[in-house]
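Worksheet: one structure, shown below.
First listed ligand is number 1; within each ligand, the first listed atom is number 1. Just so it is clear, the values below take in all heavy atoms, side chains as well, and ignore hydrogens, waters and symmetry mates.
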Amino acid sequence: MNRGKSYDDKVFCIADLEANALGRLPRATADYINGGSMLHETLRANNEAYDRYVFVPRYFKDVRKVDTTTVCLGKKVAFPVGISPSAMHSLCHQDAEVATARAAAERGINMILSTYTNTPVDVVAGELGGMALGQQLSKVLDEGINQSIIDNAEAAGASALFVTVDCPWLGRRLGDYRNSFAPPTDMPFPSFPTDVDIHNLSTADQRIAYDADLSWEKVRALKGRTKMQIWLKGILSPIDAAMAVEAGVDGILVSNHGGRQLDGAISTLEALPAIVEAVAGRVPVHIDGGIRRGSDIFKALALGAQHVWLGRTVLWGLAYKGQAGVKLVLDTLYDEFQLVMALNGCATVAEIGPHLLARRHLDGSVVPLLLSREARL
Ligand SMILES: Cc1cc2nc3c(=O)[nH]c(=O)nc-3n(C[C@H](O)[C@H](O)[C@H](O)COP(=O)(O)O)c2cc1C
Ligand SMILES: CCCCCCC(=O)C(=O)O
């Protein structure tokens, strides 16, 4: 019997991995990672949005070789996937962000480091094997702390600052409330001064309270504070996307923080087309949220994203087997994506487009998004 391709005797897809990984973590940690805010409407919507699109494949194409490579943050990457910032990788594995970065380097993709990393940015940069590093910034009230995060990232060779805009206040994560979740008291947070107590999420220390008054002025000012590219992470409205381009940002990451902030917010895949239209090719548009299969990557690209980023899947890999587990996630998604490209008749990433999708509507109708120019001729 053909058991299919796997690098592991238990994991053939990301769903296999999720189940296995979560069982290895303490309940409160698993809930922190997998949970969203409130009733998880947006968390679910991120996944379900992908199921509403179906493929309209083209055949009679030469797919003997399928080239998945593309360019992200100025680097050639093995496929259009990178690692989104997530806090505290040491919750999942003792090698923490080092393991994640090594797996990214092995697979030839880029990584964004969280403000709440447990590993200093220069150490992570040193493990990335020349792949691009992004630094995520949760802008806090103390400008000295913000500037040191920016300066350390720039000194470590990071090429882009991803400013998270969807978190002026932390979302209401009921699982964390119920579990009284808090990071272990000895957990390091090297982005912050040691006298700041970050372990208590409801800390009253105003230095690390989120800047709840982020403005376009402040975004413009950031451009003068670093040579790194400035990206905004968490954009959902085409109005904000257009204003971001006018403010001079270098790219937009469509995200709702994996459903962890505003519950009831639009799913990222549903938000994407209007943002792509508003941006009109002036800067790259990337997306994260709910990506669990190679087919999800393909659909996001077909709807206009140039690149996707992974949140929880990477943490599941890390919890499963450290660096090897993250590599397993990336290899699985790589193989799935390459196959979906071949089965849709795409030999290169540039051939992926909306003509290969139809949308399933609530009344049961399935409507092709558009006929390709080729087909109209
Ligand atoms: C445990 C966890 C921690 C996260 N920490 C951060 C963070 O520090 N900064 C940030 O901008 N986003 C953070 N995110 C959001 C991710 O960057 C990303 O937007 C989201 O996980 C994508 O959705 P997905 O998990 O469905 O792939 C976190 C997500 C998770 C699951
Ligand atoms: C120890 C502080 C964790 C801050 C929250 C990180 C985050 O953005 C998340 O979604 O969780």
Would you say the side-chain atoms of [X] and [Y] include a donor-acceptor pair closer than 3.5 Å?
X    : Y    : result
N34  : E18  : yes
T115 : Q136 : yes
T348 : D67  : no

Atoms of ligand 2, numbered as shown, that sit under 4.0 Å from any heavy atom of [X]:
X    : answer
Y32  : 6 (C), 9 (C), 11 (O)
A87  : 6 (C)
R260 : 9 (C), 10 (O), 11 (O)

Where the side chain of [X] meets the backbone of [Y], is there a donor-acceptor pair that is under 3.5 Å apart?
X    : Y    : answer
K223 : G248 : yes
E97  : H89  : yes
K233 : I252 : no

So is R173 touching ligand 2 or not, going by heavy atoms under 4.0 Å?
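So R173 counts as touching ligand 2.
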Should the pair Y116 and F189 be assigned to parallel (<30°), tilted (30 to 60°) or perpendicular (>60°) ring geometry?
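Correct class here is perpendicular.
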Please state whether the rings of H307 and H286 are parallel, tilted or perpendicular, taking 30° and 60° as the class boundaries.
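Rings of H307 and H286: tilted, 30 to 60°.
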Enumerate the protein residues lying less than 4.0 Å from ligand 1, judged by heavy-atom distances, in chain and residue-number order.
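Shell around ligand 1 (4.0 Å, heavy atoms): Y32, I33, S84, P85, S86, A87, S114, Y116, Q136, T164, K233, S255, H257, G258, R260, D288, G289, G290, R292, G311, R312, L315.
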Test of proximity, Y210 against ligand 2: N or O pairs below 3.5 Å
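N/O-N/O distance below 3.5 Å does not exist for this pair.
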Test your reading of the structure: does Y116 have an N or O sitting under 3.5 Å from an N or O of ligand 2?
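Min N/O separation from ligand 2 is not below 3.5 Å for Y116.
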Closest approach of W231 to A160 (non-hydrogen atoms, all atoms of both residues):
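Residues W231 and A160, closest heavy atoms: CD1-CB, 3.9 Å.
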